[in-house]
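Numbering starts at 1 and runs along the sequence shown. Numbering of ligands and ligand atoms starts at 1, following listing order.
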Amino acid sequence: QGSPIATVNPYTGERVREFQALSAQDVERAIDAAHGSFPDWRARSTADRGALVQRAGRLMRERKEELARLLTLEVGKLIDSSRAEVDLASDILTFYGEHGPELLEERPLPVPEGTAVLVNEPLGVLLGVMPWNFPLYQVARFAGPNLVLGNTILLKHASSCPQSALALEQLFTDAGVPTGVYTNLFVRGRDVGKIIDDSRVQGASLTGSERAGVSLGEIAGRNVKKSVLELGGSDPFVVLDGHNLERTVYAAFLGRMGNTGQCCVAAKRFIALADVYDAFLAGLRDRMSEVQPGDPADPATTLGPLSSEAAAELLMEQVRDAVDKGATVVLGGGRPDLPGAFVAPTVLTDVTPDMRAYREELFGPVATVYRVEDEDEAVALANTSPYGLGGAVFAADPERARGVADRLEAGMVWINHPTASRPELPFGGIKRSGYGRELGDAGIVEFANRKLVRYV
Ligand code: NDP
């Protein structure tokens with residue numbers, strides 16, 4: 001059960017390297033080391049831990065080229081996007097290394113007499129379960145803030161990016177993080193539950209599919225342990241008028257095609273008001289038709305493969321289901337005649353509630369475009385999704401856009417910009433996109449014991 005832990009180049013299909021899953025005894029030893037290292041780690045100051053995390057950020061930047069090549073090899077990311085991911089992950093580590101201590105400072109509470117303070121203390125050993133779509137960024141946003149807080153980390157990465165997982169562990173080791181404080185675990189999905197059951201583990205954070213999140217949340221819940229879930233989305237991208245249309249179309253293109261569409265906050269459902277619908281649709285179709293599939297390691301390539309053949313097939317099933325039920329294919333709809341896990345850039349209209357594409361996450365270069373008469377209809381359609389991660393609203397008047405943003409069921413809404421992630425801003429969703437936040441002042445205390453100390 002579970003995927004083999006292996007690097008398979010999604011551009012060539014070649015199995016490059018395989019790794020053995022840890023034995024039960026090895027897992028036991030890793031939990032013990034993480035637990036054993038906690039008292040010393042928590043006893044250090046946040047500034048001391050922050051300095052090590054900053055050093056990890058610096059080392060990551062020094063290793064940029066090597067890490068970027070690894071990402072492109074393991075998950076098929078365009079090489080420039082891989083470099084950008086190294087920069088973002090490094091910025092996150094640097095930001096929390098530097099600002100984490102002040103975000104974690106104790107805070108006085110207003111009380112009628114005497115003094116009360118809220119102190120942020122670490123919980124202990126945490127399990128991180130991370131996906132392959134941003135192998136470095138996903139780990140940085142979980143591990144960076146939590147290491148500064150003083151938690152110790154067991155990291156189960158996606159089975160498809162084992163070398164990235166090892167490179168991260170090496171990075172923290174080389175930065176001087178003590179043994180046991182950050183440990184990579186090569187384990188299968190079925191073994192994750194046993195780790196959460198272990199009384200030495202205090203909490204778990206997962207980014208990935210709804211299926212995996214439901215399983216982890218259920219196990220954490222029955223153990224009365226804190227969990228954070230980030231389970232993807234089907235973000236609306238709402239276009240209210242034709243103001244600066246060329247820029248809006250470009251934002252739509254970037255929002256959908258970034259990371260070959262494999263992004264939890266990718267713009268997935270484009271909702272345009274009737275006045276601008278035709279021009280927006282034509283613009284997006286033209287822009288998406290320009291991409292050139294090829295070797296993701298070649299900087300001239302503008303469309304990489306999906307992360308695996310299975311991912312490409314899943315996306316094609318979703319497209320075929322829509323087409324069989326009457327969706328209109330405005331662009332693409334198939335797979336380019338190339339080896340590798342490619343899906344052609346695709347634009348679908350006339351997508352209806354009986355289709356999988358209407359309610360499921362489309363994790364690849366497939367856009368669905370909807371026409372609506374007014375803002376109310378745009379909001380109602382946007383909110384039909386079971387997901388509630390991000391969203392974007394485009395309009396000449398930012399206050400008009402804000403009115404729509406306030407009505408979207410989402411954890412994050414960007415105005416006149418595709419939804420994105422920045423080191424200092426909180427990230428997370430509602431509904432079936434999960435719960436809790438990563439990053440920002442909200443994210444850094446998700447796994448803190450927010451302890452009250454009252455002096456009377
Ligand atoms: P998964 O959810 O299977 O993978 C994410 C992580 O969860 C991996 O480390 C995986 O390990 C682990 N995992 C899988 N099953 C369990 C389980 N039962 N308990 C605990 N951990 C588990 O995603 P897939 O790769 O299968 O992608 C499927 C879909 O998920 C995508 O098409 C997309 O819709 C969504 N997704 C969303 C992401 C996001 O950023 N929100 C990221 C990735 C996927 P292993 O690799 O060993 O199976």
Side-chain angles (χ1 to χ4, degrees), residues 1-8 10 18-19 21-22 74-77 85 127-135 137-139 141-142 154-162 164-165 168 184-197 201 204-220 227-235 258-266 268 306-319 341 343 356-357 359-366 385-390 411-412 419 421 427-429 432-436 438:
Q1 196 200 324
S3 332
I5 301 169
T7 301
V8 178
E18 198 156 338
F19 296 84
L22 296 179
E74 291 200 303
V75 301
K77 201 180 283 270
E85 180 178 343
L127 174 69
V129 181
M130 295 295 144
W132 42 263
N133 59 343
F134 292 93
Y137 157 78
Q138 303 280 15
V139 172
R141 72 181 188 179
F142 166 65
L154 298 169
L155 205 290
K156 184 257 177 287
H157 219 319
S159 294
S160 53
C161 55
S164 304
L168 278 159
N184 178 61
L185 286 186
F186 280 149
V187 294
R188 300 205 171 82
R190 67 169 179 234
D191 295 325
V192 164
K194 280 182 247 157
I195 300 172
I196 302 169
D197 282 338
V201 174
S205 181
L206 179 140
T207 298
S209 64
E210 204 183 321
R211 182 186 48 80
V214 166
S215 164
L216 184 138
E218 198 174 321
I219 298 167
S227 60
V228 166
L229 300 179
E230 202 272 84
L231 310 181
S234 187
D235 288 3
N259 210 37
T260 323
Q262 303 165 110
C263 186
C264 46
V265 282
K268 294 177 182 127
L306 295 194
S307 66
S308 67
E309 185 53 31
E313 259 320 295
L314 166 65
L315 187 61
M316 282 312 302
E317 276 170 32
Q318 292 166 313
V319 169
V343 170
R356 292 175 62 183
R359 56 183 191 279
E360 293 180 7
E361 178 169 36
L362 300 176
F363 224 55
V366 178
S385 172
Y387 293 106
L389 190 59
M412 304 164 275
T419 317
S421 180
F427 192 104
R432 304 218 41 108
S433 291
Y435 47 74
E438 291 190 281

So if I count the atoms of ligand 1 from 1 in the order they appear, which ones are less than 4.0 Å from some heavy atom of Glu230? 41 (N)
Cys264: numbered ligand 1 atoms lying under 4.0 Å from its heavy atoms: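 Here the atoms of ligand 1 in question are 39 (C), 40 (O), 41 (N).
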Evaluate the ring planes of Phe19 and Phe186, with Trp represented by its six-membered ring, and classify them as parallel (under 30°), tilted (30 to 60°) or perpendicular (over 60°).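 Judged by the thresholds at 30° and 60°, the geometry between Phe19 and Phe186 is tilted.
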Looking at ligand 1, is there an atom of it that comes within less than 4.0 Å of some heavy atom belonging to [X]?
X: Phe134; answer: no
X: Leu231; answer: yes
X: Arg190; answer: no
X: Met130; answer: yes

Quick test of your reading of the structure: of [options], whose heavy atom lies closest to [atom]?
atom: atom 17 (C) of ligand 1; options: Ser159, Ala212, Gly364; answer: Ala212
atom: atom 38 (C) of ligand 1; options: Tyr387, Trp132, Phe363; answer: Phe363
atom: atom 7 (O) of ligand 1; options: Val129, Leu315, Ile219; answer: Val129

Drop me the distance from Ser433's OG to Asp235's CG, to the nearest 0.5 angstrom. 7.0 Å
Looking at side-chain heavy atoms only, is the closest gap between [X] and [Y] below 4.5 Å?
X: Leu168; Y: Leu155; value: no
X: Glu230; Y: Leu389; value: yes
X: Pro10; Y: Leu306; value: no
X: Val265; Y: Met412; value: yes

If you measure from each non-hydrogen atom of [X] to ligand 1, which part falls under 4.0 Å: side chain, backbone, both or neither?
X: Glu210; answer: neither
X: Leu216; answer: neither
X: Ser215; answer: side chain

Sequence neighbours excluded, which residues qualify as salt bridge (charged side-chain N to carboxylate O under 4.0 Å, His left out) partners of Glu18? Arg15
Quickly, which of Arg359, Lys268, Glu210, Glu360 forms a side-chain contact (heavy atoms from CB on, under 4.5 Å) with Tyr387? Name it, please. Glu210
